[in-house]
Amino acid sequence: MVLIVHGFPNDIVALRFEWAWQHPHVSRRLTHVPRKTKKQSSFDFHLMVLYHMLRAAPWKRLPLTLRWLRQEYQRELPPLLQPPLHMPLAYGQVRAKPIAKTQGEKGEGGVQTQSAPQRCRVCYDKLQSTDDALHCFHPGCSLTAHILCLANLFLRNEPEHLIPVEGLCPR
């Protein structure tokens, strides 16, 4: 294995993506992909199919990450086949991250830790849990907001879409 595509919203979407990648000429979404030539290796063909998939609906709007496990197999691509800008390229093995303590768990010495309830900077309601909150990644920005509040804000200029791809921090 030399490449992993991850970041799918659920297992169904991931399985549909995998099926289309394995059967590009049967998939209705990939009718534009040229067939494999005799000179083309199977690896190069499937890589070309992948890059066509990442630029086709419905996958082009997903927050996917392409992770090269073995960088020596990476191929240069023409500009028209580059993945969308919101899909980062990562390198190296996948590493498990430790799960951080959530608000209200016992801290040092077994004492219950509580902090002041945070508010969404878009709707100003209290954030019930950290599961439905996003934090701005810009240094020095303390924005915290509900995922849905930010999604609705970012989609104001694109009402035909359901999932935003990008947006400006409201702060």
Side-chain angles (χ1 to χ4, degrees), residues 3-18 20-21 27-30 32 50-69 71 74 76-109 111-171:
L3 172 72
I4 296 174
V5 180
H6 59 92
F8 294 95
N10 58 48
D11 292 347
I12 304 295
V13 175
L15 288 170
R16 287 180 178 167
F17 181 89
E18 182 181 12
W21 194 3
S27 173
R28 292 179 294 174
R29 307 272 186 192
L30 300 174
H32 64 284
L50 170 66
Y51 286 118
H52 276 286
M53 289 176 71
L54 296 176
R55 303 214 43 95
W59 306 294
K60 68 181 178 182
R61 296 188 59 80
L62 294 177
L64 303 177
T65 299
L66 281 71
R67 177 172 294 277
W68 286 96
L69 301 175
Q71 194 171 351
Q74 184 178 1
E76 289 298 318
L77 296 165
L80 293 177
L81 286 182
Q82 293 291 330
L85 293 176
H86 69 277
M87 292 185 190
L89 288 175
Y91 301 94
Q93 299 296 316
V94 178
R95 300 207 190 324
K97 291 183 180 179
I99 298 173
K101 288 184 179 179
T102 59
Q103 186 179 13
E105 286 187 13
K106 293 187 178 189
E108 284 188 41
V111 177
Q112 190 85 2
T113 58
Q114 287 286 347
S115 59
Q118 290 187 314
R119 294 196 174 271
C120 172
R121 298 289 182 158
V122 178
C123 72
Y124 301 106
D125 284 344
K126 287 183 182 176
L127 293 165
Q128 298 301 323
S129 71
T130 58
D131 292 340
D132 68 343
L134 288 178
H135 306 278
C136 183
F137 59 85
H138 288 103
C141 182
S142 62
L143 175 102
T144 304
H146 293 111
I147 295 170
L148 291 177
C149 290
L150 281 178
N152 290 332
L153 180 69
F154 294 161
L155 289 173
R156 281 189 184 155
N157 296 332
E158 299 180 295
E160 69 277 3
H161 294 293
L162 296 175
I163 301 172
V165 173
E166 61 185 0
L168 294 175
C169 175
R171 282 196 97 208

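What you are looking at is a predicted structure, and each value in this text was computed from that prediction instead of being measured. Scope of the values below: all heavy atoms of this structure, side chains included, with no hydrogens, waters or symmetry mates.
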Enquirer: Using the side chain to side chain contact (heavy atoms under 4.5 Å, CB included) criterion, which residues pair with Leu168? Sequence neighbours excluded.
Expert: none
Enquirer: Roughly how far apart are Leu66 CG and Ile4 CD1, rounded to 0.5 Å?
Expert: 10.5 Å
Enquirer: Within this structure, what is the CG-CG distance for the pair Leu3 and Leu50, rounded to the nearest 0.5 Å?
Expert: 6.0 Å
Enquirer: Is there side-chain contact between Pro83 and Arg55, with heavy atoms separated by less than 4.5 Å?
Expert: no
Enquirer: Taking atom CD of Glu76 as the centre, report whether more than 12 heavy atoms of other residues, nucleotides or ligands fall under 6.0 Å from it.
Expert: no
Enquirer: Give every donor-acceptor pair under 3.5 Å between a side-chain atom in residues 140-156 and any protein atom, sequence neighbours left out.
Expert:
| unit_1 | atom_1 | unit_2 | atom_2 | d |
| --- | --- | --- | --- | --- |
| Ser142 | OG | Arg171 | NH1 | 2.7 |
| Thr144 | OG1 | His135 | ND1 | 3.0 |
| Asn152 | ND2 | Leu148 | O | 3.2 |

Enquirer: Excluding sequence neighbours, so at least two apart, what forms side chain to side chain contact (heavy atoms under 4.5 Å, CB included) with Leu30?
Expert: Ala20, Pro24, Ser27, His32, Val33, Val49, Met53, Trp59
Enquirer: Can you list everything that forms a side-chain hydrogen bond (donor to acceptor under 3.5 Å, both in side chains) with Gln82? Sequence neighbours excluded, please.
Expert: none
Enquirer: Could you pull out all residues at least two apart from Tyr51 that satisfy ring pair (Phe, Tyr, Trp, His ring centres under 6.0 Å)?
Expert: none
Enquirer: I'd like to check the side chain to side chain contact (heavy atoms under 4.5 Å, CB included) partners of Asn157; sequence neighbours left out, ordered by chain and number.
Expert: none
Enquirer: Are Arg29 and Pro58 packed together at the side-chain level, in the sense that at least one heavy-atom pair is separated by less than 4.5 angstrom?
Expert: yes
Enquirer: Compare all side-chain heavy atoms of Arg121 with those of Arg119 and state whether any distance is below 4.5 angstrom.
Expert: no
Enquirer: Sequence neighbours excluded, which residues qualify as side-chain hydrogen bond (donor to acceptor under 3.5 Å, both in side chains) partners of Arg61?
Expert: His161
Enquirer: Take atom CZ in Arg16; do more than 12 heavy atoms of anything else shown fall under 6.0 Å from it?
Expert: no
Enquirer: Compile the donor-acceptor pairs under 3.5 Å between side chains in residues 86-94 and protein atoms, sequence neighbours left out, one pair per line.
Expert:
| unit_1 | atom_1 | unit_2 | atom_2 | d |
| --- | --- | --- | --- | --- |
| His86 | NE2 | Lys60 | O | 3.2 |
| His86 | NE2 | Leu62 | O | 3.1 |
| Tyr91 | OH | Gln74 | OE1 | 3.3 |
| Tyr91 | OH | Gln74 | NE2 | 3.3 |

Enquirer: Say you draw a straight line from CG of Leu64 to NE2 of His6; how long is it, rounded to the nearest 0.5 Å?
Expert: 9.0 Å
